[in-house]
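Positions are given from 1, in the same order as the sequence printed here.
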Amino acid sequence: MALAAGILAADGSAPRPEASPLAGPAVAGALDPARLVRVPAEAWADTARVDFTTWPARGSRSADRGLLARALAAWASRPREVAATAAPGTATDAPLRAPQLLYAGNVAGRALVLLLDGDRVVRYGEAAGGPRGRELAFARTDEANVTTAAALTLSRSGGDGGGSGDGSGGGGRARYLLAPWIAKAGTRDLLRTGDAAKPLAVSADGVTEETAVPRTDGGGGACAAWPVLELTSSARIVEKHAFVLADLGALAPVHLTYTPLPDGPAAVAARQPREATGPAARAAWAPVACRLREYRAGGVRAVNVWDFAESELPDRAGRAVWTCTRASGWAGSGEVLVQLRLPAGPPQDVARSRETAACGRFGQHLLAGTRWRSPAGRWYLLAAGSREVVGITAAGAVRAEATGRTLAAPAPAPAPVSAAGPQGPAATLTGRLASGVRITAVDGARGGRD
């Protein structure tokens, strides 16, 4: 749905075409604070649906009729003095039925109200002393679950690019409202794999103390740290379940997961994403953590790092891991970045694809390739496929064939950077699956780098 006049997308882009606020008896009833849905405090502990719908109404101002009425009225009429943002694809129209109250209270000098309406959450804010500096934020929450409904951002200070002086890379600080099923909260740095999580204090209402957030403004500043939340669910609903959320500047933090390398032959069942808390997950996330800033526009619900293949590098250069990082949106869209994680140095970008099912539940077959220069100075075409790939063929500038999931063949050096025209692919790659089906490489096998 288009955004209303005066509303900016979450990335600050220009307003989209106007959408008139709804009006009528149904909306009028939905705007009555007395009709707000309030869930019992213990509902989350005795239900098969653990998501935002089981959040109780919390906060010291959850009975403040005046504040709640102003929040609902601002949502319905959206006066010009109310600044508003919306994650991509999020409807901003007024509710057709009474929303569910999640929170109403004072945080960092502001009065905040969080409301749930179907598949979206709305945050209203104003000065704690009255209706000044009013704002609205809208976010999608389609099919949220125990992890993606575990936290919402209440407040931020410092702003993207603001020097926080806390080692967070200039990202500022934030407070969150945690789900009632969170038994333990902490923070850690994705770039420091050996560090344990630091405890994060949480109030009785579920509000965290202020904590560092990463810089996601896309600026050229150094990425010295990438702080994330590490949360643990109550044993009343799931045993020993810890998971990681990253703040990318949106209302809802993003769930980070990890899928390890294939184990055994193709006949073995495919591995599923797991929580990014173990040593292998931390090692895989550290080289790509700073790339999360590329998803700051909002609308992302989860990011998974999938180590889909491992290959022996030519010229005794060691072993490399092929990784596909997939960012999945609340609306179902997704984009992927394929990289080659070398024994030393930063990962090498191999391919990128947007609006794709690749590297997800419905895109489990993958083939990718790139040029690579060995420490001996020789160029090679490297390629690798996911667990079902049993053969790879290269045609074009490089003609080669390999049995199995990986290929390494001598390749011509790429043309000088100064040469006119775009750099062409080293070869056209085709992979053969165990079923006999053939697949092509994501974005082709494109020119590598030194």
Mind checking side chain to side chain donor-acceptor pair (under 3.5 Å) for R110 and listing every partner two or more places apart, or none if nothing turns up? none
Contacts satisfying side-chain hydrogen bond (donor to acceptor under 3.5 Å, both in side chains) that involve residues 334-343 (not counting sequence neighbours) are D307-R341, T323-R341, E335-R352, Q339-D349
For residues 280-288, tabulate all N or O donor-acceptor pairs below 3.5 Å that involve a side-chain atom, not counting sequence neighbours.
residue, atom, partner, partner atom, Å
R282, NE, T277, O, 3.0
R282, NH1, T193, O, 3.4
R282, NH1, D195, O, 3.3
R282, NH2, T277, O, 3.4
W285, NE1, T257, O, 3.0

Residues 36-47 side chain polar contacts: donor-acceptor under 3.5 Å, at least two apart:
residue, atom, partner, partner atom, Å
R38, NH1, S62, O, 3.0
R38, NH2, S62, O, 2.7
E42, OE1, R236, NH1, 3.0
E42, OE1, R236, NH2, 2.8
W44, NE1, A41, O, 3.3
T47, OG1, R49, N, 3.1

For residues 270-309, pull every pair meeting disulfide (SG to SG under 2.5 Å), keeping only residues two or more places apart or in separate chains. C223-C290
With sequence neighbours excluded, what pairs up with R120 under the side chain to side chain donor-acceptor pair (under 3.5 Å) test? D93, D117
Under 4.5 Å between any side-chain heavy atoms of L245 and L256, yes or no? no
ring-ring contact (aromatic ring centres under 6.0 Å, His included) against H365, all qualifying residues, sequence neighbours excluded: none
Does any N or O in the side chain of R173 come within less than 3.5 Å of the main-chain N or O of E210, such that one atom is a donor and the other an acceptor? yes
Show, in sequence, the C-alpha distance, side-chain angles and deciding distance for E209 and R175, and conclude whether the salt bridge (Lys or Arg N to Asp or Glu O under 4.0 Å) test is met. CA-CA 6 Å; E209 64 178 314; R175 284 186 173 89; over 6 Å; no
Tell me, yes or no, whether the heavy-atom count around E143 atom CD, taken from other residues, nucleotides or ligands under 6.0 Å, exceeds 12. no
Any residue meeting ring-ring contact (aromatic ring centres under 6.0 Å, His included) with W330, in chain and number order, not counting sequence neighbours: none
With a 3.5 Å cut-off and sequence neighbours excluded, list the donor-acceptor pairs that the side chains of residues 145-155 form with protein atoms.
residue, atom, partner, partner atom, Å
N145, OD1, T147, N, 3.0
N145, OD1, T147, OG1, 2.8
N145, OD1, T148, N, 3.0
N145, OD1, T148, OG1, 3.0
T147, OG1, H255, ND1, 3.2
T148, OG1, N145, N, 2.9
T153, OG1, A250, O, 3.3
T153, OG1, L251, O, 3.3

How about L178 and T208: do any of their side-chain heavy atoms sit closer than 4.5 Å? yes
Validation: residues 197-206 side-chain donor-acceptor distances under 3.5 Å, sequence neighbours left out:
residue, atom, partner, partner atom, Å
S203, OG, D205, N, 3.3
S203, OG, V207, N, 3.1
S203, OG, V207, O, 3.4

Which atom of G385 lies closest to which atom of A309, heavy atoms considered: O-CB, 3.5 Å
Enumerate the residue pairs fulfilling disulfide (SG to SG under 2.5 Å) with a member in residues 49-128, sequence neighbours excluded, ordered by first and then second residue. none
Return the set of residues passing salt bridge (charged side-chain N to carboxylate O under 4.0 Å, His left out) with E275 (not counting sequence neighbours), or none when no residue passes. none
